[in-house]
Each structure stands twice: as structure tokens, then as C-alpha cells.
Number of protein chains: 2
Amino acid sequence: MTQVQDMDNKLMFERSQCPITNGLDIFGDKWTLLIIRDLVLGKRRYQELISSPENIASNILAHRLKRLEVAGLVTRRAYQQKPERYEYVLTEKGKDLRPVLEAISRWGTKHYPGTSVFRAVGQG
Amino acid sequence: MTQVQDMDNKLMFERSQCPITNGLDIFGDKWTLLIIRDLVLGKRRYQELISSPENIASNILAHRLKRLEVAGLVTRRAYQQKPERYEYVLTEKGKDLRPVLEAISRWGTKHYPGTSVFRAVGQG
DNA sequence: GCAGTAACTTGCATCTTGCAAGACAGTAAA
DNA sequence: TTTACTGTCTTGCAAGATGCAAGTTACTGC
């Protein structure tokens with residue numbers, strides 16, 4: 001498969017030219033879309049993300065946030081100095097995943113009736 | 001988190017009651033949605049699935065098909081005897097993931113312009 | 001000082017993935 | 001009847017990812 005690089009130097013088309021494949025190379029795991037769900041719901045800080053009901057491990061959260069930043073879906077920025085503390089916000093590219101989350105959410109609520117609808121912060 | 005079992009004995013709500021979480025417990029990896037993509041596109045047999053451009057390893061394909069069958073998204077059935085050969089078809093629950101694939105596909109084609117649109121068999 | 005808070009990082013055991021090769025049951029060709 | 005081939009998996013093993021607990025750094029408040 002041909003390898004191409006975008007302006008951020010990230011390797012693309014590593015597996016194929018399918019848009020789904022390239023999406024899965026970023027968020028194809030058990031955690032990344034949950035982080036994006038939380039960010040869409042308004043969470044911004046490490047502790048807020050850690051405290052979601054799925055209990056993500058801190059090393060995995062750090063790893064995923066880094067990957068999302070490299071992929072351009074998330075921006076990390078300091079919200080205070082002394083001590084420096086950071087928060088994470090979705091870029092447009094990240095926000096554009098909202099329809100994906102909504103589609104998964106609709107599928108989930110249809111086929112797993114006990115699950116609760118994707119809505120405000122704190123609803124997991 | 002409480003654990004509940006449905007009629008197929010599959011553990012549910014292992015991580016949370018979020019519909020996204022429960023979806024990701026089935027297809028939250030780099031391969032499963034590609035297999036479902038292929039099945040949506042009309043592929044049915046092991047060799048057809050193996051021959052997709054992403055080059056899935058045969059043990060991973062077998063494992064994912066088994067998981068999809070257990071989760072009720074796919075049905076395995078013999079299409080011939082002597083020797084027995086099987087094909088895989090999506091259930092309604094599996095077909096219902098089509099909007100998810102379409103949403104990911106739209107996101108991918110928007111943000112990775114080199115990728116080609118989700119369409120007929122053989123397009124990877 | 002001394003505990004507390006927030007954002008990570010490290011160590012280590014276990015689980016999952018990926019690649020190659022092999023198993024098994026037939027069919028077709030030489 | 002031996003040899004090759006097809007198709008659906010299975011096995012072995014190395015490498016990488018995950019999960020849990022604990023540690024680090026840089027402050028703030030008491």
C-alpha cells in the first residue's frame with residue numbers, strides 16, 4: 001500500500017484507502033470514542049475524563065489523548081500557570097465525529113434496551 | 001458495575017450502561033467494522049473476507065467472526081456439504097450498523113481526501 | 001512543614017495481535 | 001494412486017497493548 005504524508009507528518013493510508021480503515025486507525029479501540037464522547041459532552045480535564053464510569057486507566061488515557069492530539073482531533077492547552085494545568089478540547093475534525101457517536105448510540109439503545117441515551121455530562 | 005445476561009448468555013453492561021460502550025465492547029477494534037463493511041458490501045465467504053486490501057490475518061478473522069456470531073450480528077451457515085463450507089451473513093442487528101459505517105465513511109472522506117467512498121464489493 | 005490536588009509516568013503481569021505454518025476434508029488432474 | 005489444489009480454520013510464538021498500582025512533579029492551603 002502506498003504511504004502518503006499530510007502536513008502534520010502523520011502516516012496515512014497505512015492499511016488501505018478506505019475512509020473507514022483510516023478512521024479506525026485513529027479511534028478503532030475500546031477507549032478512544034469514549035473519550036471523544038466525554039469531550040463532546042463538555043468534559044475538558046484529565047480528572048473529569050478519568051472519572052467516567054468505564055474507569056479508564058490513567059496511562060491509557062494519556063496515550064489516547066496524545067494520539068488524538070497528533071491526529072488533530074484534540075487540542076491540548078494550559079488553562080492555568082503555576083502549576084501548569086492542561087485541558088483538552090475537540091478541534092472541528094474531532095467534533096465532526098459527533099454523527100458517528102450518535103449512530104452508535106442509536107444502534108446501542110435499539111439493541112441493548114437497558115442502556116441509557118447519550119446526553120449530558122455525568123451520564124456516562 | 002452490575003452484570004446482566006441476555007437470552008444468548010452474553011455478558012452485558014460490563015463497563016457501563018452507555019450504549020456506545022456496549023457497542024465498542026463488540027466492535028471496538030481495528031478489524032471488526034471492516035468485516036461488517038465487507039458483509040454489508042455483499043461478501044460472504046472466508047476467502048472473500050481474507051482478500052480485502054487491509055490483509056487481515058486468518059486467526060483474527062476467525063476470532064472476530066466467532067465474536068460477531070456470539071453477539072448476534074452474524075449468522076454462520078453451510079452453503080454446501082462435502083466438504084462443508086460456510087458463509088457468513090449479517091442479521092438485522094448487524095445490518096443496523098450500516099448508519100455507523102456511513103457516518104465513519106463520511107468523516108473519513110471529509111478529513112482524508114485521498115480515501116475513496118464506501119461502495120461496491122472490491123473497493124476495500 | 002505536611003497533606004492535598006492535578007496531570008501525568010513507570011513497572012510489571014497478563015491479554016491481544018500479527019505473521020507464518022499446519023490441519024483437515026474434500027475435488028481435480030496426471 | 002499420487003500429487004496438487006481449494007477453502008475454512010487452528011496452532012505456535014514473538015511483539016505489542018492493556019490494566020492495575022504506585023510513583024513523580026509542581027504547586028496551594030493549613
Side-chain angles (χ1 to χ4, degrees), chain A residues 1 3 11 14-16 21 24-36 38-39 42-71 74-90 121 124, chain B residues 1 3 11 14-16 21 24-36 38-39 42-71 74-89 121:
Chain A
M1 182 48 52
Q3 293 193 330
L11 283 175
E14 285 186 58
R15 289 197 290 166
S16 79
T21 306
L24 293 179
D25 284 340
I26 295 171
F27 53 76
D29 66 71
K30 278 170 57 178
W31 294 107
T32 303
L33 283 177
L34 298 182
I35 295 169
I36 293 175
D38 286 347
L39 294 174
K43 295 189 182 183
R44 289 165 167 250
R45 300 186 183 174
Y46 207 88
Q47 285 306 312
E48 292 180 295
L49 296 168
I50 279 278
S51 68
S52 280
E54 291 86 10
N55 293 316
I56 188 171
S58 59
N59 53 346
I60 303 203
L61 175 57
H63 180 261
R64 294 301 187 279
L65 287 171
K66 220 161 278 170
R67 191 165 75 188
L68 287 172
E69 207 190 343
V70 169
V74 152
T75 306
R76 183 177 112 122
R77 68 175 183 218
Y79 65 87
Q80 69 170 40
Q81 302 297 330
K82 301 165 133 238
E84 290 204 330
R85 289 290 139 82
Y86 299 94
E87 63 180 11
Y88 296 88
V89 290
L90 290 171
V121 176
Chain B
M1 185 48 51
Q3 292 193 330
L11 285 174
E14 285 185 59
R15 289 197 291 168
S16 78
T21 306
L24 293 178
D25 284 340
I26 296 172
F27 53 76
D29 66 69
K30 277 170 57 178
W31 294 107
T32 303
L33 284 176
L34 298 181
I35 294 169
I36 293 176
D38 286 347
L39 294 173
K43 294 189 181 182
R44 289 164 167 251
R45 300 186 183 173
Y46 207 89
Q47 285 305 313
E48 292 181 294
L49 295 168
I50 279 279
S51 67
S52 281
E54 291 86 10
N55 294 316
I56 188 171
S58 59
N59 54 346
I60 303 203
L61 176 58
H63 180 260
R64 295 301 187 276
L65 287 171
K66 219 160 278 171
R67 191 164 75 188
L68 287 171
E69 207 189 344
V70 170
V74 152
T75 306
R76 182 178 114 120
R77 66 175 183 218
Y79 64 88
Q80 70 171 40
Q81 302 296 330
K82 302 168 129 216
E84 290 205 328
R85 290 290 138 82
Y86 301 94
E87 61 181 11
Y88 297 87
V89 289
V121 176

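No hydrogens, no waters, no symmetry mates; every other heavy atom, side chains included, goes into these values. A, B, ... follow the sequence lines: proteins, then strands. Residue 1 opens every chain.
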Please give, in whole Å, the distance from C:dC8 C1' to A:Leu61 CG? 9 Å
So, the side chain of B:Thr32 versus the backbone of B:Asp29: is there a donor-acceptor pair under 3.5 Å, distance only? no
Can you measure A:Tyr46 atom OH to D:dA26 atom P for me and round it to whole angstrom units? 17 Å
If I take atom OH in residue A:Tyr79 and atom C1' in nucleotide D:dC27, what distance separates them, rounded to the nearest angstrom? 12 Å
Spacing of A:Ile50 atom CD1 relative to C:dT5 atom C1', expressed in whole Å: 14 Å
According to side chain to side chain donor-acceptor pair (under 3.5 Å), who are the partners of B:Tyr46, at least two apart in sequence or on a separate chain? none
Please report the distance, rounded to the nearest Å, between CD in B:Glu84 and P in D:dT8. 12 Å
By side-chain contact (heavy atoms from CB on, under 4.5 Å), which residues pair with A:Glu69, not counting sequence neighbours? A:Arg76
Residues passing the side-chain contact (heavy atoms from CB on, under 4.5 Å) test with B:Arg85, sequence neighbours excluded, are B:Tyr79, B:Gln80, B:Pro83
Taking any heavy-atom pair under 4.0 Å as a contact, classify A:Tyr86: base, sugar-phosphate, or nothing. sugar-phosphate
Close N/O contacts between protein and nucleotides 28-30 of chain D (under 3.5 Å):
residue: D:dT28; atom: OP1; partner: A:Lys82; partner atom: O; Å: 3.3

Please name all residues satisfying ring pair (Phe, Tyr, Trp, His ring centres under 6.0 Å) with B:Phe27, sequence neighbours left out, ordered by chain then number. A:Trp107
Please tell me if B:Arg44 has a side-chain N or O lying less than 4.0 Å from either OP1 or OP2 of D:dG7. no
Return no unless some side-chain N or O of B:Lys66 is found under 4.0 Å from OP1 or OP2 of D:dT10. yes
Take the protein atom CG of B:Leu65 and the nucleotide atom C1' of D:dG7, then report the distance between them rounded to whole Å. 14 Å
B:Lys30 side chain to A:Leu24 backbone, donor-acceptor under 3.5 Å: no
Could you tell me how far apart B:Arg45 (CZ) and D:dC9 (C1') are, to the nearest whole angstrom? 16 Å
Counting distance only, does the side-chain N/O of B:Arg77 pair as donor-acceptor with the main-chain N or O of B:Glu87 below 3.5 Å? no
For the student: nearest non-hydrogen atoms of B:Ile35 and B:Leu49, plus distance: O-CD2, 4.3 Å
Treating primed atoms plus P, OP1 and OP2 as sugar-phosphate and everything else as base, which nucleotides of nucleotides 17-23 of chain D get B, S or - for protein heavy atoms under 4.0 Å? -SBB-B-
Do you know the tightest heavy-atom contact between A:Ser58 and A:Ile50? CA-CD1, 3.7 Å
Atom NZ of A:Lys43 to atom P of C:dA6: distance rounded to whole Å? 14 Å
So if I take every side-chain heavy atom of A:Arg85 and compare against C:dA7, D:dT8, C:dC8, which nucleotide ends up nearest? C:dA7
